[in-house]
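Read the structure below first, then the notes.
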Amino acid sequence: MAASFRWILQLHRDVPKAARFYSEGLDFTINVCSLRWAELQSDSLKLALMHSPHEQVTQKAYSSVLSFTVTDMNSTITKLMALGAELDGPIKYEVHGKVAAMRCIDGHVLGLYEPA
């Protein structure tokens with residue numbers, strides 16, 4: 001039997017806050033959430049959030065980048081900014097659609113794409 005993909009893992013200082021961020025900002029479903037662990041889902045993608053045992057969990061580089069296709073770039077950016085995210089550069093208006101990067105909780109980066 002071949003291996004099957006299980007989930008992507010991110011480390012966070014505040015797991016419930018991070019779960020709320022993905023749930024309210026990108027409409028992920030929260031399957032499990034505790035102070036130390038959360039499992040969220042969007043279609044077949046599962047995102048696991050784990051409490052970091054280290055104080056310095058904040059990412060300074062682009063080591064964790066998740067990319068999402070969204071139906072409305074402006075409303076998604078507005079929701080994410082209300083939850084603490086910041087645009088990492090301008091929204092780009094390409095022939096194929098809008099593209100943006102957002103620096104989020106604990107420094108993780110989200111790529112957003114709205115097809116034309």
Side-chain angles (χ1 to χ4, degrees):
M1 178 177 191
S4 62
F5 181 77
R6 188 165 174 204
W7 35 250
I8 295 170
L9 175 70
Q10 283 188 334
L11 298 177
H12 286 276
R13 287 184 288 217
D14 186 336
V15 170
K17 181 179 178 180
R20 184 175 147 254
F21 179 86
Y22 284 104
S23 174
E24 293 180 15
L26 292 169
D27 299 323
F28 271 69
T29 301
I30 298 175
N31 295 336
V32 176
C33 185
S34 71
L35 293 176
R36 298 192 43 75
W37 176 263
E39 183 180 283
L40 295 88
Q41 189 163 353
S42 176
D43 296 323
S44 62
L45 173 69
K46 285 191 179 181
L47 177 61
L49 309 175
M50 188 169 82
H51 180 261
S52 173
H54 306 289
E55 288 298 316
Q56 295 182 338
V57 68
T58 302
Q59 300 289 320
K60 298 290 183 194
Y62 293 92
S63 61
S64 175
V65 179
L66 302 177
S67 181
F68 298 96
T69 300
V70 298
T71 56
D72 184 348
M73 179 72 72
N74 294 336
S75 69
T76 301
I77 287 174
T78 300
K79 286 192 296 186
L80 293 173
M81 288 179 82
L83 293 165
E86 299 176 357
L87 272 170
D88 191 29
I91 299 170
K92 296 186 178 169
Y93 298 87
E94 305 290 340
V95 174
H96 53 81
K98 298 177 189 174
V99 180
M102 302 205 68
R103 189 158 299 271
C104 302
I105 295 175
D106 292 326
H108 296 290
V109 176
L110 299 182
L112 303 176
Y113 171 66
E114 179 187 325

> Do the side chain of D43 and the main chain of L45 share a donor and acceptor less than 3.5 angstrom apart?
Replying inline: no
> Parallel, tilted or perpendicular: which fits the ring planes of W37 and W7, with parallel below 30° and perpendicular above 60°?
Replying inline: perpendicular
> Hey, does the side chain of H108 reach the backbone of L11 with a donor-acceptor pair shorter than 3.5 angstrom?
Replying inline: yes
> Do you reckon L112 sits in the same ILVMFWY cluster as I91, going by side-chain contacts under 4.5 Å, direct or chained?
Replying inline: yes
>> Taking the side chain as everything from C-beta on, heavy atoms only, tell me whether H51 gets closer than 4.5 Å to L35.
In response: no
> Do you know which two heavy atoms are closest between V95 and A116, and how far apart they sit?
Replying inline: O-CB, 3.6 Å
> Out of curiosity, L40 CG to I8 CD1, how far, rounded to the nearest 0.5 Å?
Replying inline: 12.0 Å
> Which atoms form the tightest heavy-atom contact between P16 and C33, and what is the distance?
Replying inline: CA-SG, 3.9 Å
> How close do P115 and T69 get, heavy atom to heavy atom, and via which atoms?
Replying inline: CD-CG2, 3.8 Å
> Do E114 and N74 come close enough that some side-chain heavy atom pair is under 4.5 Å?
Replying inline: no
>> Students often mix this up, so state it plainly: with edges at 30° and 60°, are the rings of Y22 and F68 parallel, tilted or perpendicular?
In response: tilted
> Between A38 and V15, what is the shortest heavy-atom contact and its length?
Replying inline: CB-CG1, 3.6 Å
> Just how far is it from atom CG of L47 to atom CG of N31, taken to the nearest 0.5 Å?
Replying inline: 10.5 Å
> If you draw a 6.0 Å radius around CD in E94, do more than 12 non-hydrogen atoms from other residues or ligands fall strictly inside?
Replying inline: yes
>> Rounded at 0.5 Å granularity, tell me how far CG in L80 sits from CD in E24.
In response: 10.5 Å
> Going through the distances and angles, do L66 and Q10 end up as a side-chain contact (heavy atoms from CB on, under 4.5 Å)?
Replying inline: CA-CA 10 Å; L66 302 177; Q10 283 188 334; 3.7 Å; yes
>> For the CZ atom of R103 and the CG atom of D88, what is their distance to the nearest 0.5 Å?
In response: 5.0 Å
>> When you group the ILVMFWY residues by side-chain heavy-atom contacts below 4.5 Å and let the links chain together, are L83 and M102 in the same group?
In response: yes
>> Any non-hydrogen side-chain atom of L26 less than 4.5 Å from a side-chain atom of F21?
In response: no
>> Set out, in order, the CA-CA distance, both residues' side-chain angles and the distance that settles side-chain contact (heavy atoms from CB on, under 4.5 Å) for L87 and I77, then state yes or no.
In response: CA-CA 8 Å; L87 272 170; I77 287 174; 4.0 Å; yes
> Is K46 salt-bridged to E39, cutoff N-O under 4.0 Å?
Replying inline: yes
> Would you call D72 and K79 a salt bridge, using N to O less than 4.0 angstrom?
Replying inline: no
>> Just verifying a value: how many Å separate D106 CG and H12 NE2, rounded to the nearest 0.5 Å?
In response: 5.5 Å
>> Show the nearest heavy-atom pair for residues S23 and I30, with the distance to one decimal.
In response: CB-CD1, 3.8 Å
